[in-house]
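A quick write-up on the structure given underneath.
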Amino acid sequence: MNVAFDPWIPVVTTSGKRNLASLCDVLTEGEKFADLAVRPHERVSLMRLFLCVAHAALDGPKDYDEWCDVPRRLPDAAKKYLTSWKDSFELFHETKPWFQVAGLSKSAHGKSSSSETIDWTPVSKLNFSFATGNNTTLFDHDGSSEDRNIPLNETILAMLTYQCFSPGGLISQVFWNGVQSGKSSKDGPCVPSSMIHALIRGKNLVETIHINLPNYEEVKFRSYGERDIGRPIWEKMPDSLTDSVNIENATGTYIGRLVPMTRLIRLHPAGKRMLLGDGLLYPVFADGFPEEPTATVVIRQNGKKEKRAVLSYRPGKAVWRELAAIVVKRKAGGAGGPLSLSNIQDGENCDLIVGALARDQATIVDTIESVYHIPAQLRSPEGTAAYESEVKNAESRASRLGWAIEIYRHEVDKGWEGRLKAAGASKGKLKAKLHFIATTHYWTTVEKNLPLLMAHIEAIGSEDAIPTRDAWRKMLFASAREAYRIACGQGTPRQMRAFAKGWQKLTGKREESKSNEINKEVKG
């Protein structure tokens, strides 16, 4: 199996058919494929691989002029590059299997025999959607059964994704040229803080790769400074855990990190089991290292000090509420979204794919992916400020809905306060159960009506700015009232009295100084 020339990448053709493509197909005939047909974290991992190969094949682009020439140069350059490095992409090469370590063993005395695999790890461990060991998932009952049939193309994709997103924790130990790996592993570069990843979507795969491919000047200026650009790990593969030169290329350079070796892996030729151990240590943003190219950096207030942090995904908060931070062009040492935004000219619209993998320590909690059409106005300072303001309006309405429900519950159930006190630190969870029906309905309705907010952003500076803003705000008010009606019954006289008190809180005038907010500024 050759990862460069044999099909394994799930794609959707421009005619709408699902198919498998090779790495060479994607980079040389990308106009035939409308998109990838993969999960959110798999998309991020594949795009990192595409960008890594594209950079290596082009030895660039070094600046904006070279970037403009990428669509013309990439097909031939990629084919030549992959052909010259073909042996390094052989999945089961005897001495340099792709993305693996040939010298791995379970014994300090040398290589493990490929015929003795009883203590090898099932390859299902690589796929977060499979149940393996203590990793349980709904509707997957095969566990580590040898009868589980996992196609080789799925194992390749899972291995790539696992290297990028594997959370730290206890791990099996292996020997690499006589040196034993550790018992505890650190995070892959894409998973810390459950970071949100953003990619620009083109009309087809070749356009998507091009628009997300930064030039080296932008990489250095906006992120990596004077650090080396680096080379792919298969060009400078470490030969041991003490190979400091090649390890620095793999973990400390822009290109080296795109396809990381967070775990040491050696696949068995039968494809069902593998040797797995802790791999290279990748410094992360929290340690002062540059942010990942698809991540977003925000400024958080930490007491009286401001602190830069990676934007995280929280399952209870829809990603569209964070768009104002994601669409800002990244500034050197400051806040901003993905590096690829530097390829979008001011005044240009774009489609943004936003995805994330949420984790709780070593446990995968959720994955999400959304596609948003980003009007050019949203990326302007005025548009960003207006978007943030209207998101805050939506959150304020949700808070008021919560207060109204709390009043209703207090009036209906006179023992409610006592139960809250008895719950102690868990009272938040108790309240959340009460609010769940209403808040779920409210935020679902608001998200369905997101085009109203986008219409307002596009209208900034025109006569339609105020009417479109008012339409959005009326929708928020109507959604909150409907959610309150659904959650709070009126079947008895007591419920009716409680409903009326909560309704008064929900619909009463806000005690805010910005109730009518600067029509002149919004109008432009």
Side-chain angles (χ1 to χ4, degrees), residues 40-41 43-45 47-48 51-52 161-169 184-199 212 214 216 218-230 233 247-263 279-303 305-314 317 319 322-342 352 354-362 364-365 367-368:
H41 47 301
R43 177 186 299 278
V44 173
S45 304
M47 283 301 302
R48 290 170 71 98
L51 299 184
C52 184
T161 305
Y162 189 78
Q163 296 280 26
C164 291
F165 282 90
S166 177
S184 180
S185 61
K186 298 295 185 182
D187 288 344
C190 296
V191 78
S193 304
S194 300
M195 71 176 72
I196 289 175
H197 297 269
L199 295 157
N212 285 285
Y216 291 169
E218 291 290 346
V219 172
K220 287 179 173 290
F221 173 68
R222 299 186 187 275
S223 192
Y224 270 71
E226 295 306 312
R227 293 175 181 270
D228 288 341
I229 289 293
I233 192 168
I247 288 177
E248 171 59 27
N249 172 75
T251 63
T253 67
Y254 163 67
I255 292 181
R257 289 171 62 94
L258 285 175
V259 184
M261 197 167 74
T262 316
R263 308 288 177 254
L280 307 183
L281 176 62
Y282 286 79
V284 297
F285 184 75
D287 301 327
F289 198 81
E291 60 274 19
E292 294 304 305
T294 51
T296 296
V297 175
V298 293
I299 305 297
R300 302 290 191 201
Q301 201 70 29
N302 185 14
K305 295 182 179 180
E306 290 185 339
K307 182 181 179 182
R308 296 170 73 234
V310 172
L311 184 63
S312 302
Y313 168 57
R314 289 176 287 168
K317 186 174 183 179
V319 174
E322 305 283 11
L323 279 181
I326 297 173
V327 300
V328 174
K329 281 189 179 181
R330 185 182 296 184
K331 297 178 181 177
L339 198 56
S340 57
L341 286 175
S342 61
L352 204 63
V354 183
L357 183 146
R359 49 83 70 92
D360 179 11
Q361 297 183 348
I364 304 302
V365 177
T367 60
I368 58 103

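These values consider heavy atoms only, across backbone and side chains, with no hydrogens, waters or symmetry-generated copies. Model, not experiment: these values are computed from the prediction. Just so you know, residue 1 is the first one in the sequence shown, and it goes up from there.
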Exceeds 12 heavy-atom contacts within 6.0 angstrom, atom CZ of Arg227 | yes
Distance, nearest 0.5 Å, that separates CG of Leu357 from CD1 of Ile368 | 9.5 Å
Under the side chain to side chain contact (heavy atoms under 4.5 Å, CB included) rule, what do Glu291 and Arg330 come out as? Steps first, then yes or no, please.
-> CA-CA 10 Å; Glu291 60 274 19; Arg330 185 182 296 184; 3.1 Å; yes
Closest non-hydrogen atoms of Val319 and Ile326, given as atom of the first, atom of the second and distance, are CG1-CD1, 4.2 Å
Counting distance only, does the side-chain N/O of Gln163 pair as donor-acceptor with the main-chain N or O of Gly188 below 3.5 Å?
-> no
Quick one: salt bridge (Lys or Arg N to Asp or Glu O under 4.0 Å) partners of Lys317, sequence neighbours excluded?
-> Glu322, Glu395
Give the table of side-chain donor-acceptor pairs shorter than 3.5 Å for residues 335-342, with sequence neighbours excluded, one pair per line with atom names and distance.
unit_1 : atom_1 : unit_2 : atom_2 : d
Ser340 : OG     : Asn212 : OD1    : 3.3
Ser342 : OG     : Leu339 : O      : 2.8

Where is the tightest heavy-atom contact between Ser194 and Ala358, given as atom of each residue plus distance?
-> OG-CA, 3.6 Å
Got a salt bridge between Glu292 and Arg257, using NZ or NE/NH1/NH2 to carboxylate O under 4.0 Å?
-> yes
Side chain to side chain contact (heavy atoms under 4.5 Å, CB included) between Leu258 and Met47: does it pass, once the steps are laid out?
-> CA-CA 9 Å; Leu258 285 175; Met47 283 301 302; over 6 Å; no
In terms of heavy-atom contacts, Tyr282 and Thr262 come closest through CE1-N, 3.8 Å
Walk me through it: do His41 and Cys190 pass the test side chain to side chain contact (heavy atoms under 4.5 Å, CB included)?
-> CA-CA 9 Å; His41 47 301; Cys190 296; over 6 Å; no
Mind listing the closest non-hydrogen atom pair of Arg263 and Tyr162 along with its distance?
-> CG-CE2, 3.6 Å
Closest non-hydrogen atom pair between Tyr313 and Ala356, with its separation = CB-CB, 3.5 Å
